[in-house]
Amino acid sequence: MSQFDQIIDREGTRALKLEKRSLLFGTNDVLPLWVADMDFAAAPAIQKALKQRMEHPIYGYTVRPTTFFEAIQRWNKRRHNWEIAQEWIEFTPGVVPSLGLAVQAFTQPGEGVIVQPPVYPPFFGVVRDFDRKVVENPLKANADNYYEIDFAHFEEVCAQPENKLFLLCHPHNPVGRVWTPEELQRMGEICVKHGVVIISDEIHCDLTLFGHVHRPLATLSPEIADITVTCMAPSKTFNLAGYSTAYLVVTNAELLKAMRKQIFGLHLHMGNVLGATALEAAYNESEDWLDELRSYLEGNITLVADFLKAHLPEVKMHLPEATYLLWLDFRAWDMKQNDLKKFMVEQAGLGLNDGLTFGNEGRGFMRLNVASPRALIQQALEQLKAARDKGV
């Protein structure tokens with residue numbers, strides 16, 4: 001039995017994915033497989049380090065010691081073959097806040113920010129919330145739901161002088177692509193050519209699957225690194241989202257200065273007393289745990305793929321190259337999106353993410369989080385089949 005098979009009751013822990021069920025789905029009576037955190041206990045080394053720190057009874061203002069930055073440097077060298085100088089690193093309270101800060105740092109109201117839908121919903125929000133224009137470069141999907149970049153259109157939107165910023169999701173949420181070095185190089189060179197700054201959201205970079213390898217965008221060339229702000233965090237990888245601890249890696253001193261102006265201007269640089277402790281324990285002592293996790297996630301994903309093929313062949317999915325999120329295609333059911341959402345809740349008893357929130361390209365899709373004990377994923381599949389068998 002795997003440690004990840006343990007079903008842990010999260011009721012009463014103020015977990016977002018449970019507390020917001022009624023608001024989002026109209027009922028608490030759904031199996032919640034939506035919010036992108038995991039239903040797994042944190043690695044033992046992380047739990048131990050946090051307990052040790054909590055034994056000291058004062059939880060005042062805190063700083064991040066050199067060991068915090070060294071853990072980030074060693075981790076990226078081991079996992080991604082990326083040599084990072086300490087002066088390139090800056091703390092942020094999260095990757096999504098970093099996106100919003102970047103929009104303010106590098107664009108003016110009315111200017112364009114390029115995104116590639118279907119994409120993580122906050123990519124739209126951080127643009128519209130600050131009165132910037134969302135400029136879409138939709139991904140292209142083939143018959144097998146394998147997504148690629150429309151490079152001709154990408155260059156077209158990058159060439160428009162009012163479009164100053166590109167928000168790259170790498171690996172991509174929700175379609176699960178790990179962009180290849182060739183794809184990254186081409187995107188990067190187009191942005192260099194047209195003077196577009198890139199914010200590379202690489203929060204899922206440590207969750208590559210089935211032999212795929214993540215290549216940080218900024219490692220492609222000095223020219224691409226010079227226009228790139230890389231956003232990373234241990235939160236998705238080690239289930240630490242509640243500690244609001246992320247970081248930027250920026251080689252260009254002027255870009256880093258612009259980001260720091262936003263971070264310090266809003267007094268977001270302090271962090272919390274436990275975040276650095278959790279990051280260091282994750283990066284320094286929890287690598288074996290992560291490798292076991294990735295193997296377990298591959299098992300869950302394979303379970304879903306095999307079940308759909310055997311019992312729900314009209315529901316399509318492509319094996320993700322990274323993340324624990326599955327992009328399920330229900331278009332064969334020929335249902336309106338609101339009807340599909342209602343069916344999932346009222347007939348299947350499942351709390352999934354509405355595909356339409358990821359952009360118009362998500363119409364007919366739902367996102368399923370498989371970072372839960374396998375028995376719960378099996379239960380979700382059985383509920384879905386039973387509901388379909390009663391009639392779509």
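It should be emphasised that the depicted structure is a prediction, and the values quoted were computed from it without experimental measurement.
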M232 CE to E202 CD distance, which is reported to the nearest 0.5 Å: 4.5 Å
Contact check, side chains of I84 and I89, non-hydrogen atoms, under 4.5 Å: yes
Polar contact flag, side-chain donor to acceptor under 3.5 angstrom, S98-T92: yes
Exam field: side chain W333 to backbone L340, donor-acceptor pair closer than 3.5 Å: no
Salt bridge R294-D291, side-chain N to carboxylate O under 4.0 Å: yes
Spacing of Q347 atom CD and Q383 atom CD [to the nearest 0.5 Å]: 12.0 Å
Q116 and F166, any side-chain heavy atoms less than 4.5 Å apart: yes
Considering all heavy atoms, the nearest A233-T245 contact: CB-O, 3.8 Å
L167 versus V126, closest heavy-atom pair with distance: CD1-CG2, 4.0 Å
Side-chain (N369) to main-chain (V35) donor-acceptor, under 3.5 angstrom: yes
F91 six-ring centre to R64 NZ/CZ under 6.0 Å and within 45° of normal: yes
W179 side chain vs C169 backbone, donor-acceptor pair below 3.5 Å: yes
Short side-chain donor-acceptor distance under 3.5 Å, N173 and R367: yes
M1 versus Q6, closest heavy-atom pair with distance: CE-N, 4.0 Å
Ring centres under 6.0 angstrom apart (W75, F238): yes
Pair K257-N252, side-chain contact (heavy atoms from CB on, under 4.5 Å): steps then yes or no: CA-CA 9 Å; K257 180 180 178 181; N252 182 315; over 6 Å; no
Beyond-backbone contact of Y120 with V96, side-chain heavy atoms, under 4.5 angstrom: yes
Flag if over 12 foreign heavy atoms under 6.0 Å of NZ, K77: yes
Single hit among I114, N137, N163 for side chain to side chain contact (heavy atoms under 4.5 Å, CB included) with C158: I114
For the student: nearest non-hydrogen atoms of A71 and N284, plus distance: CB-OD1, 3.5 Å
Identified side chain to side chain contact (heavy atoms under 4.5 Å, CB included) partner of M38 from the options T237, L293, L240: L293
Inter-residue atom distance M344.CE - M366.CE, 0.5 Å rounding: 5.5 Å
R260 vs E90, salt bridge (charged side-chain N to carboxylate O under 4.0 Å, His left out): CA-CA, chis, key distance, verdict: CA-CA 8 Å; R260 282 179 168 154; E90 182 55 70; 2.6 Å; yes
Heavy-atom donor-acceptor pair, Y324 side chain to L368 backbone, under 3.5 Å: no
Side-chain donor-acceptor pair present, T180, E183, cut-off under 3.5 Å: yes
Modelled atom types, side-chain donor and acceptor of R53 and T277, under 3.5 Å: no
Side-chain touch L139/V175, heavy atoms, less than 4.5 angstrom: yes
Centroid-centroid distance, H214 to H170, less than 6.0 Å: yes
Parallel, tilted or perpendicular, as decided by the 30° and 60° cut-offs, for the rings of F154 and F151: perpendicular
Side-chain touch K17/W34, heavy atoms, less than 4.5 angstrom: yes
Polar side-chain atom of R21 near backbone of N28 as donor-acceptor pair, under 3.5 Å: yes
Side-chain heavy-atom pair V119, F124 within 4.5 angstrom cut-off: yes
Ring centers of F40, Y296 separated by less than 6.0 Å: yes
D334, CG atom: more than 12 neighbouring heavy atoms under 6.0 Å: no
Side-chain donor-acceptor contact under 3.5 Å, H194 with E155: yes
CD on E83 to CH2 on W88, rounded to 0.5 Å: 8.5 Å
L266, L268, N272 screened by side chain to side chain contact (heavy atoms under 4.5 Å, CB included) with P93, the one that passes: L268
Between Q160 and E156: side-chain donor-acceptor atoms closer than 3.5 Å: no
Distance, nearest 0.5 Å, that separates CG of D206 from CD of E287: 9.0 Å
For a quick test of your reading: what N or O donor-acceptor pairs under 3.5 Å do the side chains of residues 384-391 make, sequence neighbours left out?
unit_1 : atom_1 : unit_2 : atom_2 : d
K385   : NZ     : D389   : OD2    : 2.7
R388   : NH1    : E314   : OE1    : 3.2
R388   : NH1    : E314   : OE2    : 2.8
R388   : NH2    : H311   : O      : 3.0

R374 to F4 six-membered ring, cation-pi geometry met (6.0 Å, 45°): no
Backbone of A225 reached by a side-chain donor or acceptor of T251 within 3.5 Å: yes
N145 versus D329, side-chain donor and acceptor atoms under 3.5 Å: yes
Non-hydrogen side-chain atoms of V196 and I227 separated by less than 4.5 Å: no
Under 3.5 Å donor-acceptor, R331 side chain and V315 backbone: no
Between NZ on residue K341 and CG on residue L350, distance to nearest 0.5 Å: 15.0 Å
Salt bridge (charged side-chain N to carboxylate O under 4.0 Å, His left out) assessment of D37 paired with R10: CA-CA 12 Å; D37 65 9; R10 298 182 67 181; 3.2 Å; yes
Lys/Arg N to Asp/Glu carboxylate O, E148 vs R177, below 4.0 Å: no
Any donor-acceptor pair under 3.5 Å from Q47 side chain to A42 backbone: yes
Validation row, ring centre F358 to ring centre F123 under 6.0 Å: no
NZ/NE/NH1/NH2 to OD/OE distance under 4.0 Å, E111 and K133: no
Exam field: side chain T323 to backbone L325, donor-acceptor pair closer than 3.5 Å: yes
Closest non-hydrogen atom pair, D144 against H318: O-CD2, 3.2 Å
D29 atom CG, over 12 foreign heavy atoms within 6.0 Å: no
Sidechain-backbone polar pair: Y146 side chain, A143 backbone, donor-acceptor under 3.5 Å: no
Shortest non-hydrogen contact between F210 and P320, atoms and distance: CD1-O, 3.5 Å
Flag side-chain contact, heavy atom, 4.5 Å: M317 against I301: yes
Audit row: I7, L376, side-chain contact (heavy atoms from CB on, under 4.5 Å) steps and yes/no: CA-CA 8 Å; I7 297 177; L376 296 182; 4.2 Å; yes
